[in-house]
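Take a look at the structure set out below.
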Amino acid sequence: MSAVQRIARPARRLCACPSSPMRTFTTAPARLATTTTTSSSSSETPKKRKPLTQEQRDFLSSALRVNQAGELAATLIYTAQTPPIVRAQPHLRPLMKHMYDQEAAHLETFNALIHKHRVRPTALYPLWSVMASGLGWSTAVMGREAAMACTEAVETEIGSHYNEQIRTLLEMVTAWEAEGYEVGPEFTDLISTLRRIRDEELEHLDHAVEHDAKKADPHWLLTGVIRAGCRGAIWVSERV
């Protein structure tokens, strides 16, 4: 059974964002929520989009903030891991580049969403940047198995976190549709984006296991500490 199958599909790295003032997640979604659509038939009543509640706005803001923080951390981990790993294992260069390139694309996506919706990024990105780089370098110098165990631990937590976000968004969509409201394309696109990114993160998890992550010694301690650190960083970044 692949590592991806161990995480339920149906059902977060830091960034120095633009220097312009950041505000709360209040503009584009609000406009989207209050507009009406033109029915294809004049006999049909156009559906409205339900305005977001403050709780929903807060959830979306925290989701974008923590996802951006997590994706920055991931790029820094791979940036720090790659030189030691590639020197010792040259054949892993394409894999490390592939995983880094995907993480960089994820970061670009969330940078754009953060800027578009004027969401305040986490205030702790300098701290997360140092810690992510340190984690990447230290696990790499411990060897290939430890570096892959780091990826296994991080992607296990991130995959689960994305699943939770997707599940919450789908519950919102189901409730709106049950009340007769239309769900706008911007919202459905966000869900599709999160699903795609989640699947790519879980692909990294599979790659790590395939490259002997389980052989790291002691595997249980290394992955346990990293997973706990990820959960703590997620919790803090959602709020600060």
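In this chain, residues are counted from 1 in sequence order.
Atom CD1 of residue I158 and atom CG of residue N163 lie 11.5 Å apart, to the nearest 0.5 angstrom. Annotation: the span from L113 atom CG to D189 atom CG amounts to 10.0 Å, rounded to 0.5 Å. The line from CG of L52 to CG of L60 is 6.0 Å long, rounded to the nearest 0.5 Å. Of the inter-residue distances, the one linking Y100 atom OH with T75 atom OG1 reads 5.5 Å to the nearest 0.5 angstrom. To the nearest 0.5 angstrom, I197 atom CD1 is 11.0 Å from S192 atom OG. Atoms OG and CD, from S138 and Q81 in turn, are 8.5 Å apart once rounded to the nearest 0.5 Å.
Between M172 and T53 there is no side-chain heavy-atom pair separated by less than 4.5 Å. Residues E203 and E155 have side chains not in contact (no heavy-atom distance under 4.5 Å, counting atoms from C-beta outward). Residues M148 and L92 are in side-chain contact: their nearest non-hydrogen atoms beyond the backbone lie under 4.5 Å apart.
Between R227 and E152 there is no salt bridge, since no side-chain N of the basic residue sits under 4.0 Å from a carboxylate O of the acidic one. Comment: E238 does not engage R65 in a salt bridge, judged by the lack of any side-chain N to carboxylate O separation of less than 4.0 angstrom. Taking 4.0 Å as the cut-off between side-chain N and carboxylate O, R231 and E157 count as a salt-bridged pair. Salt-bridge annotation for K97 and D101: present, with a side-chain N of the basic residue lying under 4.0 Å from a carboxylate O of the acidic one. Residues E171 and R167 are not paired through a salt bridge, judged by the lack of any N-O separation under 4.0 Å between the basic side chain and the carboxylate.
Legend: salt bridge (Lys or Arg N to Asp or Glu O under 4.0 Å) pairs involving residues 136-146, not counting sequence neighbours, sorted by first then second residue: R144-D212.
A donor-acceptor contact shorter than 3.5 Å is absent between the side chain of S237 and the backbone of I234.
Ring-plane geometry between Y162 and F110 is classed as parallel, the angle between the planes falling under 30 degrees on a 0 to 90 degree scale with a further cut at 60. Taking the six-membered ring where tryptophan is involved, the planes of H106 and H204 are essentially parallel, since the angle between them stays under 30° and well short of 60°.
Counting non-hydrogen atoms of neighbouring residues, nucleotides and ligands closer than 6.0 angstrom, the CH2 atom of W176 exceeds 12 such neighbours. With a 6.0 Å radius and a threshold of 12 heavy atoms from other residues, nucleotides or ligands, E179 has its CD atom above the threshold. More than 12 heavy atoms of other shown residues, nucleotides or ligands fall within 6.0 angstrom of atom CD in E210.
Across every non-hydrogen atom of A80 and S133, the tightest pair is CB-O, 3.4 Å. In this structure, L222 and A149 approach most closely via the heavy-atom pair CD2-CB, 3.9 Å. In terms of heavy-atom proximity, C150 sits nearest to I226 at CA-CD1, 3.7 Å. Scanning all heavy atoms of the two residues, the minimum distance from V240 to R120 falls at C-NH1, 3.3 Å.
Looking at residues two or more places apart in sequence or on another chain, you find no side-chain hydrogen bond (donor to acceptor under 3.5 Å, both in side chains) involving K215.
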Side-chain donor-acceptor pairs under 3.5 Å in residues 83-91, sequence neighbours left out?
none

